[in-house]
Each structure stands twice: as C-alpha cells, then as structure tokens.
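Since the structure comes first, as structure tokens, the remarks are kept for the end.
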Amino acid sequence: MEDVVAGPCKTVDGAMSRVFALLGKRWTGLIVAVLMERPVHFSDLRRAIPGISERMLSDRLTELGAAGLVLREVDEGPPLRVSYRLTDAGAALEPALRELHGWAERHLPEARDASLPCLGGTPAASER
C-alpha cells in the first residue's frame with residue numbers, strides 16, 4: 001500500500017468548479033453530444049435523448065444558451081420551428097467529450113446504455 005502524504009489536499013480551482021457546475025448536471029453533456037453533429041430541432045433533440053422531459057430539455061437548453069454554448073434559432077415557417085446549434089465555444093467541447101467517451105468505453109463498459117446517443121465510432125445497438 002502507498003504511503004499517504006500528510007497535509008492538506010489541493011483545492012479545486014474555479015475553472016474546474018464552473019465546468020462541472022454546468023456540464024455535471026444530468027442531461028447537459030448528452031445535449032451537447034447530440035448537437036456536436038449538426039443543428040437540431042427541439043422535437044428531434046428530445047427524441048435523441050430518451051427519458052428527458054420537454055421541460056428539462058428546455059431548462060438545460062436555456063442554461064447552455066446563457067453559458068454561451070448553444071444558440072436558439074427560430075424558423076418562422078410555416079410551420080414555426082425552433083432549432084439549436086452549438087456556438088464556437090460549445091463546439092470547442094468536442095475533443096473533451098470524445099476523450100470522455102473513450103475513457104467510458106475503456107473503464108465503464110457495463111454502464112454503456114445502447115439507447116444513448118453515440119459519439120462517433122461504433123453506433124449504438126439501436127442504430128444498427
């Protein structure tokens with residue numbers, strides 16, 4: 001067993017606290033993952049993330065918009081349709097999310113849910 005070093009632990013910095021305060025919320029990372037591919041209409045986004053309610057999706061999109069990661073665009077139609085796309089800041093999360101996806105594939109294989117969106121590579125079982 002390794003020796004435990006006495007003394008205080010390093011304090012988590014503000015940047016790490018901010019990123020997990022936003023992306024650590026349930027559904028948020030999945031929303032960003034779906035939007036990495038292309039802009040998506042609200043109804044399609046909801047279908048892409050099984051289990052999320054309209055209210056929760058709306059709340060998370062509002063938070064992501066306020067953080068400058070997602071833009072809401074209205075197509076006056078007819079019919080009126082709302083779509084969402086990542087900003088440059090949101091798209092900059094792609095490398096980090098792909099790394100997390102790879103880490104999960106290697107270290108959390110039993111936690112993989114085939115109904116969740118696929119971040120590239122092998123499609124989920126439901127898409128085959």
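Just so we're clear, the structure is a prediction, and the values are computed from it rather than from any experiment. Because only heavy atoms are used, hydrogens play no part in the values below, and waters and symmetry mates are left out as well, while side chains stay in. For this chain, numbers begin at 1 and follow the sequence in order.
Two different hydrophobic clusters hold L71 and V34 under the rule that ILVMFWY side chains link at heavy-atom gaps under 4.5 Å. In the hydrophobic clustering of this structure, I49 groups with V40; members are Ile, Leu, Val, Met, Phe, Trp, Tyr whose side-chain heavy atoms approach within less than 4.5 Å, directly or through other members.
None of Y84, W27, F42 except one satisfies the side chain to side chain contact (heavy atoms under 4.5 Å, CB included) rule with L57; the exception is F42.
Side-chain contact between L35 and L64: absent, with no pair of heavy atoms (C-beta onward) separated by less than 4.5 Å.
Note that OG1 of T28 and CG of L93 are 11.0 Å apart. Values are rounded to the nearest 0.5 Å. Rounding to the nearest 0.5 Å places OG of S83 at 9.5 Å from CZ of R72. Taking CZ of R106 as the reference point, atom NE2 of H101 lies at 10.5 Å (rounded to 0.5 Å). The line from CE of M56 to NZ of K25 is 9.0 Å long, rounded to the nearest 0.5 Å.
Contact record, M16 with D13: N-OD1, 2.8 Å, taken as the closest heavy-atom pair. The two residues V32 and L86 make their nearest non-hydrogen contact at O-CD1, 4.1 Å. Of all non-hydrogen atoms in E73 and R85, the two that sit nearest each other are OE2-NE, 2.8 Å. Annotation for G68 and A89: closest pair O-CB, 3.8 Å, computed over non-hydrogen atoms. Scanning all heavy atoms of the two residues, the minimum distance from R81 to S43 falls at NH2-OG, 3.7 Å. Of all heavy-atom pairs spanning V12 and S17, the tightest one is CG1-OG, 3.7 Å.
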*Does the pair T87 and V70 meet the rule for a side-chain contact (heavy atoms from CB on, under 4.5 Å), with working shown?*
CA-CA 5 Å; T87 63; V70 170; 5.8 Å; no
*Tell me, with the steps shown, if L45 and L61 meet side-chain contact (heavy atoms from CB on, under 4.5 Å).*
CA-CA 10 Å; L45 187 55; L61 287 166; 3.9 Å; yes
*Between L97 and M36, does a side-chain contact (heavy atoms from CB on, under 4.5 Å) hold up when you go through it step by step?*
CA-CA 10 Å; L97 288 178; M36 282 191 323; 4.0 Å; yes
*Determine, stepwise, if the pair D75 / V82 fulfils side-chain contact (heavy atoms from CB on, under 4.5 Å).*
CA-CA 6 Å; D75 178 9; V82 177; over 6 Å; no
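Listed by chain and number, the residues in a salt bridge (charged side-chain N to carboxylate O under 4.0 Å, His left out) with D59 are R55 (sequence neighbours excluded).
A donor-acceptor contact shorter than 3.5 Å links the side chain of T62 to the backbone of S58.
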